[in-house]
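Proteins come first, then strands; the chains are lettered A, B, ... in the order of their sequence lines, and each starts at number 1.
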2 protein chains.
Amino acid sequence: MRPTATKEKILDATIALVSEKGYLGATTREIARRAGVTELTLFRHFGSKENLFELCVESRSFLPDLRELLPDLDGLPYEEALETLGRRFLLSLKERKQMVMIMQSEMARYPGKMRRMYGQLMDEILKTLATYFTALQKKGALRHFPAELAARMFLGMLFSYFRTEEIMRGTDITKGGRMDAAVKGVVDIFIHGTAAGKNGALKRRRT
Amino acid sequence: MRPTATKEKILDATIALVSEKGYLGATTREIARRAGVTELTLFRHFGSKENLFELCVESRSFLPDLRELLPDLDGLPYEEALETLGRRFLLSLKERKQMVMIMQSEMARYPGKMRRMYGQLMDEILKTLATYFTALQKKGALRHFPAELAARMFLGMLFSYFRTEEIMRGTDITKGGRMDAAVKGVVDIFIHGTAAGKNGALKRRRT
DNA sequence: TAGGAATGTAAGTGAGTACTTACATTATAG
DNA sequence: CTATAATGTAAGTACTCACTTACATTCCTA
């Protein structure tokens, strides 16, 4: 009977149902039912469906720990750093899968809110990653490429992989080593490219 | 007063409105109004909203010319082929922007239909691209990497770029040479990777 | 010019929605 | 033990939506 616990249950039910059926498809009746609560209780706590959704988006937004994805990467070798980052990024997306789905499906209806969420999700980590690239470029460890575009490519590939597998196909990427294999493959191509080395043979082989 | 013309107008209005407001948000009243037609006419032609949406999805699906994206690439050098393919892919996405948006936002509500569309959009071109990679690998022109994953990476990066720019940020990628620059950058990294060459300096520079 | 098909006007039906009101019940804190 | 805050039950309001019915109008064709 603690109000905060009740609110939490309602917010959980909201994010789940909206990600399944969209904002208009998720009725207050069913949200309340799934939260194990009366519809009236929902309105007593949040006043309106619109307000409930706003609070839901804000309380479940992406800020918290995404900016902590890049901290201890400086010590690692390049390839290992990218693999670690890639895995963390995918796991972070998976944890917020419902919000990612809401973001995609409600983009048309709430452009402002969703753009803000997208910014929180991607922009900061993007800039940090670009800075990381630039630093390595200055050391001569990396070629000269547009760092920001490369960061977008790297995260974009992983995001696209996540979308295809988790959202479109409904497979669990954490099972059966799928994710690790995908991350390794992505990082390998991202680092070494696809063209055969100029000096004759292949630069590298995989099993 | 030709029925086919009326149907077309209604289908156009449907795809536009649904991509703006989602399936539930697009009312038959407004669809009819935007088509310059009475609501009754809409129902006389399509019977139900659900049926209208189905026909809309089917008539506007992706099949037509996407499989013709890969035809004349065999003669071109690798880099040029990828750039051409990338540009065509982005332009094709842009032509079908409304359907892409519908596909994303109605994924939760119509998984079957949207998965089918997604398959039509991506799978075939994906496999063809993977085959292209495999052929070049056999010739020794490319390294040994998982061809299918690489194809997904390449298209995924471009798709992600499209999503960010056209859908999230609302910018027109065809203006100001944005698209060409992005494709060149993507292709460059995809081909050559980001690591500096083992033999000392950079393998390649850009202006 | 007559006839039939496509469309329009107007009014309405039934179901579902967000949200409300009035009152009863429970649980916890002082 | 009592007062208060949180929740429940039940009924209902005002609205919108997909969809229908009955009848009038327009336009192309034969």
Side-chain angles (χ1 to χ4, degrees), chain A residues 1-60 98 102 105-106 108-110 112-114, chain B residues 1-60 98 102 105-106 108-110 112-114:
Chain A
M1 225 170 177
R2 285 192 359 268
T4 62
T6 306
K7 279 190 179 180
E8 278 302 308
K9 282 196 304 182
I10 295 174
L11 288 172
D12 284 341
T14 304
I15 192 179
L17 244 182
V18 171
S19 77
E20 280 175 30
K21 310 197 168 181
Y23 176 74
L24 291 179
T27 67
T28 52
R29 219 190 307 280
E30 201 176 349
I31 292 174
R33 202 178 54 76
R34 191 174 290 204
V37 146
T38 317
E39 205 181 352
L40 179 52
T41 300
L42 183 155
F43 281 103
R44 278 201 267 240
H45 275 292
F46 296 97
S48 73
K49 184 184 180 182
E50 184 73 34
N51 186 244
L52 166 62
F53 182 64
E54 289 217 16
L55 291 178
C56 187
V57 164
E58 275 156 28
S59 72
R60 262 57 176 184
Q98 290 178 322
I102 288 180
S105 68
E106 301 303 323
R109 213 181 327 275
Y110 302 94
K113 258 192 269 290
M114 299 307 140
Chain B
M1 225 173 178
R2 285 190 1 266
T4 62
T6 305
K7 278 189 181 184
E8 278 301 308
K9 281 195 303 180
I10 295 175
L11 287 172
D12 284 341
T14 303
I15 192 177
L17 243 183
V18 172
S19 78
E20 279 176 29
K21 309 195 169 184
Y23 176 74
L24 292 178
T27 68
T28 53
R29 221 191 304 282
E30 199 176 351
I31 291 174
R33 201 178 54 77
R34 190 175 291 204
V37 147
T38 317
E39 204 181 352
L40 179 53
T41 300
L42 183 154
F43 281 102
R44 278 199 268 241
H45 276 291
F46 296 97
S48 71
K49 184 185 180 182
E50 185 71 34
N51 186 245
L52 166 61
F53 182 64
E54 288 217 15
L55 292 177
C56 187
V57 165
E58 274 156 28
S59 73
R60 261 57 175 188
Q98 289 179 323
I102 289 180
S105 67
E106 301 304 322
R109 214 180 325 276
Y110 301 95
K113 259 192 267 294
M114 298 307 140

Length of the CZ-C1' vector between A:Arg33 and D:dT7, whole Å: 19 Å
- prompt: Using a cut-off of 4.0 Å on non-hydrogen atoms, how would the nucleic acid contact of B:Thr38 be classed: base, sugar-phosphate, or nothing?
  reply: base
message: Tell me the interatomic distance from A:Lys9, atom NZ, to D:dT7, atom P, rounded to whole angstroms.
response: 8 Å
- line: Heavy-atom nearest pair, B:Ala32 first then B:Leu42, reads N-CD1, 4.1 Å
- prompt: Which residue pairs pass the side chain to side chain donor-acceptor pair (under 3.5 Å) test when at least one of the two sits in residues 23-34 of chain A, sequence neighbours left out?
  reply: A:Glu20-A:Arg34, A:Lys21-A:Glu30, A:Tyr23-A:Glu50, A:Thr28-A:Glu39
Can I get a per-line list of side-chain donor-acceptor pairs under 3.5 Å for residues 9-17 of chain A, giving both atom names and the distance, sequence neighbours left out?
| from | atom 1 | to | atom 2 | distance (Å) |
| --- | --- | --- | --- | --- |
| A:Asp12 | OD1 | A:Arg60 | NH2 | 2.4 |
| A:Thr14 | OG1 | A:Ile10 | O | 2.7 |

query: In whole Å, what is the span from the NE2 atom of A:His45 to the C1' atom of D:dA5?
result: 10 Å
query: How many angstroms lie between atom CD of B:Glu8 and atom OG1 of B:Thr4, to the nearest 0.5 angstrom?
result: 7.5 Å
- line: A:Ile31 CD1 to C:dT17 P, in whole Å, measures 11 Å
- prompt: Taking CZ from A:Phe53 and C1' from C:dA18, how many angstroms apart are they, rounded to a whole number?
  reply: 16 Å
- prompt: Restricting to pairs with a member in residues 26-49 of chain B, which pass ring pair (Phe, Tyr, Trp, His ring centres under 6.0 Å), not counting sequence neighbours?
  reply: none
statement: A:Asn51 CG to C:dA18 C1', in whole Å, measures 14 Å
task: Quick one: list whatever passes side chain to side chain donor-acceptor pair (under 3.5 Å) with B:Lys113, sequence neighbours left out.
output: B:Glu54
Could you pull out the protein-nucleic contacts involving nucleotides 18-21 of chain D (nitrogen or oxygen on both sides, under 3.5 Å)?
| from | atom 1 | to | atom 2 | distance (Å) |
| --- | --- | --- | --- | --- |
| D:dA18 | OP1 | B:Lys49 | NZ | 2.7 |
| D:dA18 | OP2 | B:Thr28 | N | 3.0 |
| D:dA18 | OP2 | B:Thr28 | OG1 | 2.9 |
| D:dC19 | OP2 | B:Lys49 | N | 2.5 |

- prompt: What is the distance, rounded to the nearest whole Å, between atom CZ of B:Arg44 and atom C1' of C:dG4?
  reply: 14 Å
